[in-house]
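Report on the following structure.
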Number of protein chains: 2
Amino acid sequence: MQKTIQQRTLKTRAKLLQAAADVVQKNGYQALRVEEVVQAAGVAKGTFFAHFHDKDALMEILIGEKLDACLDQAQAAEPPKTVPKIIEALAPVHEFMMSERYVFDLLIRYSGAAAISEIGPIAYCFEKYFRIVMMWLDQAEVRQDVPTDLLAEGVQAFAIQAMSLKFCALHSATTFTDRLETYLRAWLSPAA
Amino acid sequence: MQKTIQQRTLKTRAKLLQAAADVVQKNGYQALRVEEVVQAAGVAKGTFFAHFHDKDALMEILIGEKLDACLDQAQAAEPPKTVPKIIEALAPVHEFMMSERYVFDLLIRYSGAAAISEIGPIAYCFEKYFRIVMMWLDQAEVRQDVPTDLLAEGVQAFAIQAMSLKFCALHSATTFTDRLETYLRAWLSPAA
DNA sequence: ATTTAATATTGACCGTGGTCAATTTTTGAT
DNA sequence: ATCAAAAATTGACCACGGTCAATATTAAAT
């Protein structure tokens with residue numbers, strides 16, 4: 001079983017990705033139409049699905065790339081040691097995650113790898129988020145009666161909860177940041 | 001502005017809901033096709049959309065009803081006072097929420113009311129979940145340094161996190177119950 | 001009983017994601 | 001250079017959710 005990847009394959013894929021990025025740039029993720037992408041890329045519709053399993057797979061790549069960049073940005077800063085600083089450091093990440101309802105839903109849907117053999121770009125980002133927070137917590141003034149990895153998982157859970165509520169009219173009295181701060185203070189503060 | 005609802009409206013709606021429930025019974029939620037429902041109900045496709053804004057709206061009703069019943073079941077039992085008992089009491093609820101990937105995704109998507117004026121069945125259930133847990137926690141041996149409503153929100157957040165990971169091949173080593181127990185012990189235990 | 005206005009139903013039609021047999025292009029062997 | 005097998009591309013076609021102008025039915029007024 002041999003598998004030669006032709007040059008044009010890479011070219012076509014690049015064209016599709018570029019075209020898709022352009023389309024997103026114009027109207028956001030939610031409004032992206034496969035038809036529009038293939039037209040902009042100058043290929044047939046079937047070609048799209050020869051390169052990406054479905055529309056979601058393309059979205060995973062586009063959104064994953066962006067999210068990965070946000071995570072890099074967060075990681076580049078000085079490791080935060082307090083709850084407000086942690087929230088501040090994660091701000092670009094959370095901001096992007098909440099930028100569109102569509103984006104948030106897709107992120108949640110693909111946050112876990114469906115199969116071990118194939119970790120998608122978004123599941124990878126969630127792992128990265130986890131690792132970054134864990135590293136921070138290792139050197140922050142937080143409760144020590146619980147393992148750091150568990151604390152980091154909790155931060156992720158609370159961040160998602162706070163983001164969920166952000167899209168919820170019922171709880172719009174409190175801002176995302178304030179809510180997350182309340183959560184994390186209760187979760188991370190050292191036992192009195 | 002008067003609005004007379006005709007008798008047949010109620011009848012047609014009931015027929016559609018019954019037909020939909022039957023279809024779900026046979027093949028689950030994920031596989032439900034609007035076409036199949038209207039055929040089983042003996043009405044035209046347009047009629048369906050005169051009664052429900054879209055397919056999701058029907059799903060919200062069907063899934064919301066079922067979830068509400070599960071919550072009633074949980075509430076009927078003796079108020080649990082320990083973490084394992086709480087998890088046990090919530091078991092039927094979580095079981096249903098995880099019964100299908102499709103169900104879980106839809107629940108998350110509609111967990112927050114999009115508009116204050118119109119709280120959907122699922123958002124209502126999430127509120128109910130929150131209220132039940134809060135009542136339990138008021139009389140349980142849990143940490144007292146944090147308001148009960150915040151504790152209850154946390155339980156919800158951790159439950160969702162644990163369910164998410166249940167669908168994730170990467171974290172399938174631990175069972176849902178074990179994971180949730182770990183989370184809740186760390187979150188609810190009184191400060192040492 | 002008729003009329004009329006409000007309400008409900010219909011089904012042909014559309015938009016969009018996704019499929020696949022047929023065709024074209026590339027690669028490697030001779 | 002020629003040819004055969006593998007790989008990539010094409011676009012007509014399908015599935016399914018959703019729309020809407022036309023039609024049918026109901027309820028209330030006379």
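Any value given below was found using the heavy atoms of this structure, including those in side chains, with hydrogens, waters and symmetry copies removed. Numbers restart at 1 for each chain; the letters A, B, ... are given by sequence-line order, proteins then strands.
Using a 4.0 Å heavy-atom cutoff across all strands shown, B:Leu32 reaches sugar-phosphate atoms only and no base atom. Residue contacts shown for B:Thr47 include a base, since a base heavy atom lies under 4.0 Å away.
For A:Lys45 and D:dG11, the shortest distance from a side-chain N or O to OP1 or OP2 is not below 4.0 Å. Residue B:Thr12 has no polar side-chain atom (N or O) positioned under 4.0 Å from OP1 or OP2 of C:dA8. Put simply, B:His51 has a side-chain N or O that comes within less than 4.0 Å of OP1 or OP2 on C:dT9.
One can place CZ of B:Phe48 at 8 Å from P of D:dG17, the figure rounded to the nearest angstrom. Rounded to whole Å, atom P of C:dT19 lies 6 Å from atom NE2 of A:His53. The interatomic distance linking B:Gln7 (CD) with C:dT7 (P) rounds to 15 Å, in whole Å. Distance B:Met59 CE to D:dG18 P: 11 Å, rounded to the nearest Å. Taking atom CD of B:Glu36 as the reference point, atom C1' of D:dA15 lies 13 Å away to the nearest angstrom. Protein atom CD of A:Glu35 is 13 Å distant from nucleotide atom C1' of D:dT10, rounded to whole Å. The distance from atom CZ of A:Phe52 to atom P of D:dT9 is 11 Å, rounded to the nearest whole Å. Residue A:Gln39 contributes atom CD, which lies 15 Å from atom C1' of D:dT10 at whole-angstrom precision.
With C:dG18, C:dT10, C:dA8 as the candidates, the nucleotide lying closest to the side chain of B:Gln6 is C:dA8. Of the candidate nucleotides D:dG18, C:dT10, C:dG18, D:dG18 has the atom nearest to the side chain of B:Asp54. Closest to the side chain of A:Val34, out of D:dA8, D:dT9, C:dG17, is C:dG17. Nearest nucleotide to the A:Phe49 side chain, out of D:dG18, C:dG17, D:dT9: C:dG17.
Using a 30° and 60° split on the angle between ring planes, A:Phe158 and B:Phe158 fall in the perpendicular class, above 60°. Ring orientation note: the planes of B:Phe167 and B:Phe104 are tilted relative to one another, at an angle of 30° to 60°. In this structure, A:His94 and A:Tyr129 have tilted ring planes: the angle between them lies in the 30° to 60° band.
For B:Arg33 and B:Arg8, each mapped to the nucleotide of DNA chain D holding its nearest heavy atom, the one lying further toward the 5' end belongs to B:Arg33.
Across all their heavy atoms, A:Tyr102 and A:Gln30 have their closest contact at CB-OE1, 3.5 Å. Here the closest heavy-atom approach between residue B:Gly64 and residue B:Pro121 is recorded as CA-CB, 4.3 Å.
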